[in-house]
Participant: 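Quick one: the structure is below, questions incoming.
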There are 2 protein chains.
Amino acid sequence: MAPRKLNAADPAPASVKRQHKADARAASSHPPARPRPLTRIQKEKQDIILEAALEVFSLHGFRGATIDQIATQAGMSKPNLLYYFPKKEEIHRRLISALLDTWLAPLRDFDESGDPFTEIRSYIRRKLEMARDFPRESRLFANEMLQGAPRIAEMIEVDLKALVDEKAKVLLTWMDQGRLSRADPYHLIFSIWATTQHYADFDVQVRAVLGKGRNGEGRFEDAARYLEQLFMHGLTPKPRVGV
Amino acid sequence: MAPRKLNAADPAPASVKRQHKADARAASSHPPARPRPLTRIQKEKQDIILEAALEVFSLHGFRGATIDQIATQAGMSKPNLLYYFPKKEEIHRRLISALLDTWLAPLRDFDESGDPFTEIRSYIRRKLEMARDFPRESRLFANEMLQGAPRIAEMIEVDLKALVDEKAKVLLTWMDQGRLSRADPYHLIFSIWATTQHYADFDVQVRAVLGKGRNGEGRFEDAARYLEQLFMHGLTPKPRVGV
DNA sequence: CTAACATTTTTCCAACTGGTCAAAATTTCC
DNA sequence: GGAAATTTTGACCAGTTGGAAAAATGTTAG
């Protein structure tokens, strides 16, 4: 439930800088002493706010979302919300960094010692499950990407790149061993990301095109079946394909 | 250069409703007479504005973009811009409908009488070229989708669906003839959309992950090679694949 | 009960937003 | 050249936005 951090961007110091009087608690006059025990109530409210913010940000993007909308969604007044998160950006930052963490977990679990096809298949499954179960997170991420990832540029240039480099190497090894069709490992990963996240990010379009009849969860089962077939066949090594 | 319209959403009546005094020209007092000859200069300025708006909207989405930003980008004052497009929404509407038109052209050209693999391969190529040459259009579209396509819901539910239904039928025919591996045609189309548009919509991520060394246009050539391989192998019909 | 702290609400504000309007500058057409 | 039409600008506005201040209302430990 608490996977390793890709990048711990929310240490606390930043967010507590001028926290409500709560930090003077327990101690009396230490300069920037014991930052915050963080009440259970506080944690709860913060979660409610983050949940509401996810809803709003994922739909309208950072600029398009307003604190008022988030507050309403969270069932509280704007100033009350600002009591917990003094800055709009803070809320967004928290969401993004929490997101990146879980978002890349499936890729991290990519196991070199496993069977290539089993690994790829289960990676696709997991990504697809995430698109189904956490579409808002996916859209939040997509929104950030569309805008040029101003707030997470470093994260993707350093941490994400390192992770993908590592996994690309694994894929290459498998290819060298003839256990996987030779193909650009980076683009292979991109294509898995793209095809799976598509079902979250372009959900409206998918639903519209599939029509009313095919909109239950079945949609994702069909997608899984199709994608498995595509990637399994597409990456099965073969001496050559008769033209 | 002027493909058939998917949906002519900008007839004129709406946009001329209270146009600058220009419409009183030529005639003198016809009720809603001759709507608009539309000067060459007007057309030019409008194009400049639309170009600037594309830049801004594709980056920030509808709500996130401001008229001031667009005006600055277009090198004119806000009131001046509003002289040409009295409403922010008008600009956006124009962009979207122009976009849909060209965006779906490749799919429309999908030819039943052609060879399945040739058709699919060239469809992928074209979509990839569009991602390369018109990334902003792609992002504008993606932005709209992420937000639930409030402004084009009907368009995708009717026109787009009809087009995809038609092409799905073509794919099914090919599959029945054993010329194409049996697979869900809708998800097949989705996967092509997803993988190709990914290179426009997630451009930052792609660049970051590929690293500085691989950022020239070569990126797209690699992608094209990879995707062709994936889809060609993935969809080649075979009696069965040994597990 | 009450002092100390935590939370919430009310009020307010300055900056920004989409948009108006009339005057000024420019272009067009005779 | 000059009247009429078009285009551009500057001043302005009402509504919204992110956020600050402080008063009001809990809550809790002694």
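Order of the sequence lines fixes the chain letters, A, B, ..., with proteins taken first and strands second; residue numbering starts at 1 for each chain.
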Participant: State which of C:dT9, C:dT20, D:dT9 makes the closest approach to the side chain of A:S77.
Facilitator: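 Closest of the options to the side chain of A:S77: C:dT9.
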Participant: Taking atom types as they are modelled, is there a donor-acceptor pair under 3.5 Å from the base of C:dG19 to the side chain of B:K88?
Facilitator: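 Answer is no: no donor-acceptor pair is held.
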Participant: Once you round to the nearest 0.5 Å, how far does CG of B:L59 lie from CD of B:Q73?
Facilitator: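 With rounding to 0.5 Å, CG (B:L59) is 9.5 Å from CD (B:Q73).
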Participant: What nucleotide among C:dG18, D:dG18, C:dT7 has an atom nearest to a side-chain atom of B:K78?
Facilitator: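 Given the options C:dG18, D:dG18, C:dT7, the side chain of B:K78 is closest to C:dG18.
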Participant: Select from A:M76 and A:R63 the residue whose nearest nucleotide in DNA chain C is closer to the 5' end of that strand.
Facilitator: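 Looking at DNA chain C, the more 5' nearest nucleotide goes with A:M76.
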Participant: Between D:dT8, C:dG18, C:dT7, spot the one nearest the side chain of B:Y83, thanks.
Facilitator: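 Of the candidates, D:dT8 comes closest.
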Participant: Tell me: NE2 of B:H60 to P of D:dT17, nearest whole Å?
Facilitator: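 From B:H60 NE2 to D:dT17 P: 18 Å.
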Participant: Taking CZ in B:F134 as the centre, count heavy atoms belonging to other residues, nucleotides or ligands within less than 6.0 Å. Is the count above 12?
Facilitator: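 Count not over threshold, so no.
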Participant: Separation of A:L82 atom CG from C:dC12 atom C1', in whole Å?
Facilitator: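 Going from CG in A:L82 over to C1' in C:dC12 covers 14 Å.
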Participant: Let's see if you can work this out: which of C:dG19, D:dG18, C:dT7 has an atom nearest to the side-chain heavy atoms of A:T66?
Facilitator: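 It is D:dG18.
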Participant: Base, sugar-phosphate alone, or nothing: which one does A:A71 contact when heavy atoms must sit under 4.0 Å apart?
Facilitator: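 Counting heavy atoms under 4.0 Å across all strands, no contact is made by A:A71.
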Participant: Heavy atoms only, 4.0 Å cut-off, all strands: where does A:K45 land among base, sugar-phosphate and nothing?
Facilitator: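 Sugar-phosphate contact only - A:K45 comes under 4.0 Å of backbone atoms but never of a base.
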Participant: To the side chain of A:N80, which of D:dG18, D:dT9, C:dT8 is closest?
Facilitator: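 Output: C:dT8.
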Participant: Using every non-hydrogen atom in the two residues, find where A:T195 and A:H198 come nearest and quote the distance to one decimal.
Facilitator: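 Looks like O-CB, 3.5 Å.
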Participant: Exactly one of A:K88, A:K87, A:R93 should register a salt bridge (Lys or Arg N to Asp or Glu O under 4.0 Å) with A:E90. Which one does?
Facilitator: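 The passing option is A:R93.
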Participant: Using the side-chain heavy atoms of B:P79, tell me which of these nucleotides is nearest: D:dT7, D:dG18, C:dT20.
Facilitator: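 Nearest to the side-chain atoms of B:P79, counting from C-beta on, is C:dT20.
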